[in-house]
Protein chains: 2
Amino acid sequence: MKSDLPSATVERLPRYLRCIERLPEAQQTISSGELARLSNLKAAGVRRDLSYLGTFGIRGVGYRVKELNDQIRHALGLTADRPVAVVGIGNLGSALANYTGFGNRGFRIVGLYDADPSKIGTSLGGVEVRHISRLPDDARTTRISVGIIATPAGAAQQVAAMLVDVGVRSILNFAPTVLQVPEDIHLRQVDVATELQILGYYMS
Amino acid sequence: MKSDLPSATVERLPRYLRCIERLPEAQQTISSGELARLSNLKAAGVRRDLSYLGTFGIRGVGYRVKELNDQIRHALGLTADRPVAVVGIGNLGSALANYTGFGNRGFRIVGLYDADPSKIGTSLGGVEVRHISRLPDDARTTRISVGIIATPAGAAQQVAAMLVDVGVRSILNFAPTVLQVPEDIHLRQVDVATELQILGYYMS
DNA sequence: TAGATTGTTAATCGATTAACAATC
DNA sequence: TAGATTGTTAATCGATTAACAATC
């Protein structure tokens, strides 16, 4: 039974992971101060975040990099195997299909789906693109933990409903639209226009 | 002189915009309750957010859709013209270059850059891909407000430094790496692996 | 008027930060 | 020991929410 981490902490753990992965091989330990500098956060916040994972820092020394890495990966559940399906194999979906950064984080692309007949049968990152109508059948034999929606906005809600229907409980939506899903479904939204608008606000 | 909005409010305004853009033509007004339902937020929060923009709601009726749209767009500064450069024209960069959702939000792609000679000279969304070495010269004649980094992780920090060098003060980074930029530069990060890891935490 | 809905008050909640005793 | 750094306390800060008077 995992104890709950504050959501702000959960959202920062992947960033710590990014930072410690880039440390030189030889570096054995890292202090909260250095990790704060690398991650553009503050040392007190880093220590608080890590303290939720347990007390494994060494006073006067810092955190052992290897142990820190293990603790964060364990807290995030990156040891699990998470089959991912991508729906919508345009430029964005293709970028996702070819992205190699999922593997060492427990995510594995098991299905690529599109509605465009000209794309069916092509292969990306070793996975064949199949017609979206095959998704329900495929889901019956292959568990899908996460659905990534990379379709145009107009198709996204329908795709989301289909994913929920076949038992997917976590959805990452890249389509520029606000989705309605049952409240027990985990949904995250990545939206370029939104990010630009937020940047825009702080520019003026 | 614009009064500061709480950052949590700024991050929600684009979502409200998305929701009201999809309303039927005929709908003249919308209540905080309905907007909350559409945006998956709560009515009290919607009212508080909108109250920062002024008091233009009508008690017993709701908000006039047209005025609401104007107020949000004005608050976000979407009336400004914001020239955008995209660096890294792989699958992701191509998706961004072809994305048509920027125009009506004041963002306009004025430059596409890559280091790969085979891409130079091709055209995407009516803009020619130029070699990254041309960026400094181009920036001298064409103002660039926002730089979008869509390169591999290994090149991202160098590109960020170059953007800062040529006077870009707002950066949207899609490369899976934590960037170091001067503190007066506005930086936002979009990271698929991070989003998946956060989803992953809540799955287990 | 009666019903609906805003704008805001006040309470609560959660996140951040500085500071420092504990301890390597 | 002396210096460094953690883990945590306590204060502060900012965000959320329910509730309701104001008012259309």
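Just so it is clear, the structure is predicted and the values come from calculations on it, not from any experiment. By convention in this document, chain letters (A, B, ...) are assigned in the order of the sequence lines, proteins followed by strands, and residues within each chain are numbered from 1.
- Within 6.0 Å of atom CZ in A:Arg188, more than 12 heavy atoms from other residues, nucleotides or ligands are found, so the atom counts as buried in its surroundings.
- Here the CG atom belonging to B:Asp116 is positioned 13.0 Å from the OG1 atom belonging to B:Thr151, to the nearest 0.5 angstrom.
- Nearest nucleotide to the B:Ala8 side chain, out of D:dG7, C:dA15, D:dT16: D:dT16.
- Per the geometry, CG belonging to B:Leu5 stands 14 Å off C1' belonging to D:dA15, to the nearest Å.
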inquiry  = Checking A:Glu34 against A:Gln27 for the side-chain hydrogen bond (donor to acceptor under 3.5 Å, both in side chains) test, could you report, in this order, the C-alpha distance in whole Å, the side-chain angles of both residues, the deciding distance, and whether it holds?
reply    = CA-CA 12 Å; A:Glu34 186 179 1; A:Gln27 184 166 351; 3.1 Å; yes
inquiry  = Protein within reach of the bases, or only the backbone? For nucleotides 17-24 of chain D, mark each nucleotide 5' to 3' as B, S or -, using heavy atoms under 4.0 Å.
reply    = BBBB-BBB
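- Open room surrounds CD on A:Gln158; 12 or fewer heavy atoms of other groups in view lie less than 6.0 Å from it.
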inquiry  = Between B:Leu68 and B:Tyr16, does the side chain to side chain contact (heavy atoms under 4.5 Å, CB included) criterion hold? Intermediate values first, please.
reply    = CA-CA 9 Å; B:Leu68 181 55; B:Tyr16 297 140; over 6 Å; no
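- Computed from coordinates, the A:Asp49 CG to C:dA15 C1' distance equals 10 Å when rounded to whole Å.
- One atom, OH of B:Tyr63, and another, P of C:dA4, lie 17 Å apart when rounded to the nearest Å.
- The structure places CD1 of A:Ile109 at 6.5 Å from CG of A:Leu96, a figure rounded to the nearest 0.5 Å.
- The distance between atom CZ of B:Phe56 and atom P of C:dG7, rounded to the nearest whole Å, is 7 Å.
- B:Gln180 contributes atom CD, which lies 7.0 Å from atom CZ of A:Arg37 (distance to the nearest 0.5 angstrom).
- Scanning residues 21-34 of chain B for heavy-atom distances under 4.0 Å to DNA chain C yields B:Ser31, B:Ser32.
- Applying the 4.0 Å criterion to OP1 and OP2 of C:dG14, one finds that A:Thr9 has every side-chain N and O outside that range.
- The residues A:Arg73 and A:Asp70 are annotated as not salt-bridged, no charged nitrogen and carboxylate oxygen being separated by less than 4.0 angstrom.
- Taking atom CG of residue A:Leu41 and atom P of nucleotide C:dA15, one finds them 15 Å apart after rounding to whole Å.
- Protein atom CG of A:Leu35 is 13 Å distant from nucleotide atom P of D:dG7, rounded to whole Å.
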ask   = Run the side-chain hydrogen bond (donor to acceptor under 3.5 Å, both in side chains) check on A:Asp4 and A:Tyr52 step by step: do they pass?
value = CA-CA 9 Å; A:Asp4 275 359; A:Tyr52 292 121; over 6 Å; no
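- Using a 4.0 Å cut-off between a side-chain N of Lys or Arg and a carboxylate O of Asp or Glu, A:Arg134 and A:Glu128 do not qualify as a salt bridge.
- Consecutive Watson-Crick or G-U pairing (both distances under 3.5 Å) extending over three or more pairs maps onto DNA chain D as C:3-24 with D:3-24.
- Rounding to the nearest 0.5 angstrom, the gap separating the CG atom in A:Leu196 from the CG atom in B:Leu76 is 11.5 Å.
- Residue A:Glu67 contributes atom CD, which lies 13 Å from atom P of D:dT6 at whole-angstrom precision.
- We find that OH of B:Tyr52 is positioned 15 Å from C1' of C:dT6, with the value rounded to whole Å.
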